[in-house]
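Let me begin by presenting the structure, written as structure tokens, before commenting on it.
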Amino acid sequence: MPELPEVETTRRGIEPHVCGQRVSGLIVRQRRLRWPIPARLGRHLQGHRVRAVRRRGKYLLLSIGQGTLIIHLGMSGSLRILRHDQPPGPHDHVDLLLNDSSRLRFTDPRRFGAWLWSAGPGEQHPLLATLGPEPLEAEFNAAYLHALSRGRRLAIKSFIMSSQVVVGVGNIYASEALFRAGIHPARAAGRISAPRYRRLVATIKEVLTEAISQGGTTLRDFVDGEGKPGYFRHELRVYKRSGMACQQCARTIRDVRIGQRSSYYCPGCQR
DNA sequence: AGAGGTACCTGGCAGC
DNA sequence: TGCTGCCAGGTACCTC
């Protein structure tokens with residue numbers, strides 16, 4: 001479900017409701033997520049104030065007391081604010097209880113998500129320590145990508161989806177950014193010129209920024225912290241559009257498997 | 001070191 | 001209707 005724009009949309013949705021509040025409890029109905037929720041998590045959180053809701057890649061970082069609650073939404077996870085208790089559904093695995101009697105509810109049918117604890121600010125946690133730059137920051141630029149890609153035979157789509165290279169670019173936005181940049185998704189990363197990387201960096205930033213402003217992409221069931229869907233799906237030009245005509249050149253959009261992921265491209269526009 | 005495959009899990013859908 | 005197999009927005013971890 002969530003790529004960077006969906007995680008950022010979630011962050012913005014929950015931040016005003018959660019920030020500044022004290023944690024009054026934690027209800028764990030299903031401990032077995034990607035990794036088991038630490039048995040002592042509730043004790044770390046209880047009674048402490050939520051000082052900030054940050055994001056690093058697709059990880060949400062809630063600064064609570066002196067430590068950090070690290071939340072990942074996986075493929076199918078979502079968070080929403082409940083004003084009052086509501087009967088939990090079968091995939092409502094965790095509730096973070098807040099002192100104004102509202103709660104942050106975590107729903108995740110596939111259970112690829114995670115709730116972890118870091119004693120410090122979170123960025124030093126093993127899962128976050130090796131992450132590449134944020135795509136919307138200045139350090140993510142053409143010179144960086146071009147230099148890093150030299151000699152690499154990996155498909156460009158897999159390359160930009162690697163979290164060591166850049167965080168937050170998932171399967172939807174990788175296809176969309178490559179279409180806008182005119183680059184074939186299977187092209188070897190090491191065989192793309194500096195000018196074309198300039199274009200690609202620009203389209204990655206553009207696609208992610210547009211998607212955030214639209215509240216993300218809702219394909220099946222993504223909703224933000226208040227239950228609203230994202231509208232970027234109306235802007236998708238190739239993703240899930242195989243068999244349809246390219247809006248730019250009218251050729252038929254194709255799909256191909258790259259790194260076990262469905263990838264969509266226009267054979268006329270992308271080389 | 002880099003590249004590719006596997007694993008984790010549930011639900012929805014196409015095809016028979 | 002019911003079964004089977006495949007697909008899904010992520011990514012750590014394993015092997016070659």
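Here the structure is a predicted model, which is why all the values come from computation and not from measurement.
Spacing between C:dC6 and B:dT6 at atom P, rounded to whole Å, works out to 13 Å.
When the side-chain nitrogen and oxygen atoms of A:R152 are compared with OP1 and OP2 of B:dA3, one or more of them lie within a distance under 4.0 Å. Contact between the side-chain N/O atoms of A:Y264 and the OP1/OP2 oxygens of C:dG9 is not found at any separation under 4.0 Å. The phosphate of C:dG9 (OP1 or OP2) has a side-chain N or O of A:Y239 nearer than 4.0 angstrom. The phosphate of C:dG9 has OP1 or OP2 within less than 4.0 Å of a side-chain N or O from A:R261. Checking the phosphate oxygens (OP1, OP2) of B:dT10, no side-chain nitrogen or oxygen of A:H91 falls inside 4.0 Å. At least one side-chain nitrogen or oxygen of A:R257 sits closer than 4.0 Å to the OP1 or OP2 atom of C:dA8.
Atom OH of A:Y173 and atom C1' of C:dG9 are 9 Å apart (whole Å). Between the C1' atom of C:dT11 and the NZ atom of A:K157 lies a distance of 14 Å, rounded to the nearest Å. One can place CZ of A:R34 at 9 Å from P of C:dT11, the figure rounded to the nearest angstrom. The interatomic distance linking A:E6 (CD) with C:dG9 (P) rounds to 12 Å, in whole Å. In this structure, the CE atom of A:M161 is 8 Å from the P atom of C:dT11, given to the nearest Å. The interatomic distance linking A:I37 (CD1) with B:dC8 (C1') rounds to 15 Å, in whole Å. When the P atom of C:dC7 is taken as reference, atom CG of A:D255 falls 10 Å away, rounded to whole Å. As a whole-Å value, the separation of A:I172 CD1 from C:dT11 P is 13 Å.
The residue from A:Y59, A:W35, A:F106 that alone fulfils the ring pair (Phe, Tyr, Trp, His ring centres under 6.0 Å) condition with A:H72 is A:Y59. Residue A:W115 forms a side chain to side chain contact (heavy atoms under 4.5 Å, CB included) with just one option from A:L26, A:D108, A:L60, and that option is A:L26. With A:D92 as the fixed residue, the salt bridge (Lys or Arg N to Asp or Glu O under 4.0 Å) test singles out one of A:R29, A:R80, A:R111: A:R80.
You'll find the side chain of A:R233 reaches within 4.5 Å of the side chain of A:L236, heavy atoms only.
With sequence neighbours left out, the ring pair (Phe, Tyr, Trp, His ring centres under 6.0 Å) criterion links A:F179 to no other residue.
Across all strands, A:F232 comes closer than 4.0 Å to no nucleic acid atom at all (heavy-atom distances). If you check every strand for non-hydrogen atoms under 4.0 Å, A:F159 touches nothing.
Under 3.5 Å, the side chain of A:R153 and the base of B:dA3 form no donor-acceptor pair of N or O atoms. Contact of A:R111 with B:dC9 (side chain to base): no donor-acceptor pair of N or O atoms is detected under 3.5 Å.
In this pair, A:F232 and A:Y173 present their aromatic rings tilted. The plane angle is within the 30 to 60° band.
With centroids closer than 5.5 Å and planes inclined by less than 30 degrees as the test, A:F112 and the base of B:dC8 pass as a stacked pair.
Using N1 to N3 plus N6-O4 or O6-N4 for Watson-Crick, or N1-O2 and O6-N3 for G-U wobble, each under 3.5 Å, C:dG10 pairs with B:dC8.
Closest to the side chain of A:E3, out of C:dT11, C:dG9, B:dG4, is C:dG9. Side chain of A:N171, nearest nucleotide from C:dA12, C:dG10, B:dA3: C:dG10.
No hydrogens or angles considered: nothing links the side chains of A:S262 and A:D255 as a donor-acceptor pair under 3.5 Å. In this structure, a donor-acceptor pair under 3.5 Å is absent between the side chains of A:S24 and A:N99.
Applying a 4.0 Å cut-off to non-hydrogen atoms, none of the residues of residues 121-135 of chain A approaches DNA chain B.
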